[in-house]
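As structure tokens, the structure follows; a few thoughts come after it.
Side chains included, hydrogens not; waters and symmetry mates left out as well; all remaining heavy atoms used.
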Amino acid sequence: MDTNVSSVFVPILIIVLIIILLLLVVSCIKIVPQAQALVVERLGGYQGTWSVGLHFKVPFIDRIAKKVLLKEQVVDFAPQPVITKDNVTMRIDTVVFFQITDPKLFAYGVENPIMAIENLTATTLRNIIGDMELDQTLTSREIINTKMRSSLDIATDPWGIKVNRVELKNIIPPAAIQDAMEKQMKAERERRESILRAEGEKRSTVLVAEGHKESTILEAEAEKQSAILRAEAQKERMIREAEGEAEAIIKVQKANADGIRFLKEAGADQSVLALKSFEALEKVADGQATKIIIPSEIQNVAGLVKSITEIAKDI
């Protein structure tokens with residue numbers, strides 16, 4: 001009976017031992033993923049840091065003391081009360097970007113690294129803001145960020161932590177200061193609006209003046225062109241009148257010349273010419289002249305005509 005039990009129990013025990021051994025071996029195999037590191041202790045002391053890859057640890061002797069994340073991490077701290085140089089209390093919350101560069105220092109340097117960074121950030125921020133006035137604090141975020149990053153990076157270096165960047169997420173001044181700032185901003189906006197309105201009115205006035213000036217210039221130019229056209233028209237009229245008078249004189253002279261030529265061709269004697277002269281004198285006498293000068297030749301002809309007339313009466 002005992003032999004049968006022993007024959008059954010022994011194989012089961014062996015299988016259990018093999019399974020336990022396999023589980024133990026598997027538990028001693030560690031695969032470290034990317035961007036992580038394992039701090040390993042042997043018999044309570046630091047043994048080494050395992051990086052990416054496959055690693056084996058001695059069972060019951062080695063243990064994983066700390067798993068470290070090597071990625072850049074972000075911590076958003078709650079708003080901290082700070083006092084400026086001009087005794088204004090405000091609340092500022094910060095965001096810290098850090099990265100673990102030495103897993104050993106990170107594991108053994110400080111008990112709670114995140115809490116240590118938070119307290120260090122608060123004290124550094126108070127020191128920096130304490131040397132600045134309110135207006136300077138509100139307009140110098142980049143300067144504050146640079147100073148805090150430099151100070152935190154130096155302070156956290158013994159902990160195996162590198163501070164890459166520090167940002168002031170929000171600056172919350174007291175309610176009274178906020179009201180005053182809003183009033184100031186409103187007054188500034190109204191001032192800018194008044195300036196813009198005045199500049200617009202000034203620009204409008206200038207444009208209107210330029211328009212009047214341009215209109216006056218155009219009117220003067222139009223009047224000038226009109227005067228030039230009127231002068232040219234009057235000139236053209238006078239030229240045409242002069243040409244008409246000249247043409248009339250030419251025609252009259254031509255008619256006189258034709259009459260004289262006809263008389264000559266008809267063989268007119270001195271008596272006919274004298275009569276024509278008298279006719280011309282008759283026309284001259286019709287004018288407003290008070291004195292008429294008669295040529296001597298016409299006087300002789302007049303005497304001859306008188307003699308002829310008297311002889312005709314005697315007959």
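Between atom CD of residue E210 and atom CD1 of residue I217 there is a gap of 10.5 Å, rounded to the nearest 0.5 Å. Taking CG of N127 as the start and OG of S151 as the end, the distance is 8.5 Å to the nearest 0.5 Å. One finds the NZ atom of K162 at 10.5 Å from the CD atom of E72 (value rounded to the nearest 0.5 Å).
Taking a cutoff of 4.0 Å between a charged side-chain nitrogen and a carboxylate oxygen, E241 and R237 qualify as a salt bridge. Salt bridge D131/K85: absent, no basic N to carboxylate O contact under 4.0 Å. Between E188 and R191 a salt bridge is recorded (basic side-chain N to carboxylate O distance below 4.0 Å). A salt bridge does not link E193 to R189: none of the charged nitrogens lies less than 4.0 Å from a carboxylate oxygen.
Under a hydrophobic-cluster definition in which Ile, Leu, Val, Met, Phe, Trp and Tyr are linked whenever side-chain heavy atoms come within less than 4.5 Å, directly or via other members, L125 and L134 are assigned to the same cluster. At a threshold of 4.5 Å between side-chain heavy atoms, the hydrophobic network of Ile, Leu, Val, Met, Phe, Trp and Tyr places I144 and I172 in two separate groups. Placement of V82 and F77 within a single hydrophobic cluster is found when ILVMFWY residues are connected by side-chain heavy-atom separations under 4.5 Å, directly or transitively. No chain of hydrophobic side-chain contacts below 4.5 Å, direct or via other Ile, Leu, Val, Met, Phe, Trp or Tyr residues, connects V40 to I61. Hydrophobic clustering (side-chain heavy atoms under 4.5 Å, transitive across Ile, Leu, Val, Met, Phe, Trp, Tyr) keeps I29 apart from V58.
The two residues V32 and S51 have their closest heavy-atom pair at CB-O, 3.0 Å. Residues D93 and A78 come closest through the heavy atom pair CB-C, 4.0 Å. The two atoms that bring V68 and V39 nearest to each other are CG2-CG2, 4.2 Å, heavy atoms only. Nearest approach of T49 to A37, heavy atoms of both residues: CG2-CB, 4.0 Å. When all heavy atoms are compared, the tightest approach of L70 to Q99 is O-NE2, 3.0 Å. Between R91 and P79, the shortest heavy-atom distance links the atoms NH2-O, 3.5 Å.
Annotation: side chain of T94 is not in contact with side chain of K169 (no heavy-atom distance under 4.5 Å). Side-chain contact between R149 and F97: absent, with no pair of heavy atoms (C-beta onward) separated by less than 4.5 Å. With contacts defined as side-chain heavy-atom distances shorter than 4.5 Å, the pair E232/E236 does not qualify. V16 has its side chain within reach of I20: a pair of non-hydrogen atoms, C-beta onward, lies under 4.5 Å apart. For the pair P81 and R126, the minimum side-chain heavy-atom distance is below 4.5 Å. With contacts defined as side-chain heavy-atom distances shorter than 4.5 Å, the pair I129/I83 does not qualify. With a 4.5 Å cut-off on side-chain heavy atoms, I114 and E118 do not count as touching. Residues E167 and N145 meet the side-chain proximity criterion, which asks for heavy atoms closer than 4.5 Å.
Taking the six-membered ring where the residue is Trp, Y46 and Y108 present perpendicular rings, their angle passing 60° and hence far from 30°.
Here the options are L152, D153, I154, the test is side chain to side chain contact (heavy atoms under 4.5 Å, CB included), and the partner is S150; only I154 passes. Tested against P113, the residues L105, I161, I100, T156 include a single side chain to side chain contact (heavy atoms under 4.5 Å, CB included) partner, I161.
In this structure, the side chain of S140 engages the main chain of Q136 through a donor-acceptor pair within 3.5 Å. Panel note: side chain R141, backbone L168; a donor-acceptor pair is recorded below 3.5 Å. A donor-acceptor pair under 3.5 Å is formed between the side chain of T101 and the backbone N or O of G160. A donor-acceptor distance shorter than 3.5 angstrom exists from the side chain of N119 to the backbone of M115, with no hydrogens or angles considered. Panel note: side chain R42, backbone G48; no donor-acceptor pair is recorded below 3.5 Å. Looking at T124, its side chain never comes within 3.5 Å of a backbone N or O of T121 through a donor-acceptor pair.
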Applying side-chain contact (heavy atoms from CB on, under 4.5 Å) to R165 and F98, what does each step give before you reach the verdict? CA-CA 7 Å; R165 187 170 52 183; F98 69 93; over 6 Å; no
Start with the C-alpha distance between K67 and Q36, add both sets of side-chain angles, then the distance that settles side-chain contact (heavy atoms from CB on, under 4.5 Å), and finish with yes or no. CA-CA 7 Å; K67 182 185 291 185; Q36 289 187 7; 3.8 Å; yes
For I117 and V75: C-alpha separation, side-chain torsions, deciding distance, then whether side-chain contact (heavy atoms from CB on, under 4.5 Å) applies. CA-CA 9 Å; I117 293 175; V75 181; over 6 Å; no
Carefully, step by step, assess E223 and R230 under the rule salt bridge (Lys or Arg N to Asp or Glu O under 4.0 Å). CA-CA 10 Å; E223 183 65 25; R230 286 196 301 269; 3.6 Å; yes
Apply side-chain contact (heavy atoms from CB on, under 4.5 Å) to H55 and L38, showing your working. CA-CA 10 Å; H55 299 274; L38 299 179; over 6 Å; no
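Between the side chains of Q47 and D62, not a single donor N or O lies within less than 3.5 Å of an accepting N or O.
Enclosure of atom CD in Q225 by more than 12 non-hydrogen atoms of other residues, nucleotides or ligands within 6.0 angstrom is indicated.
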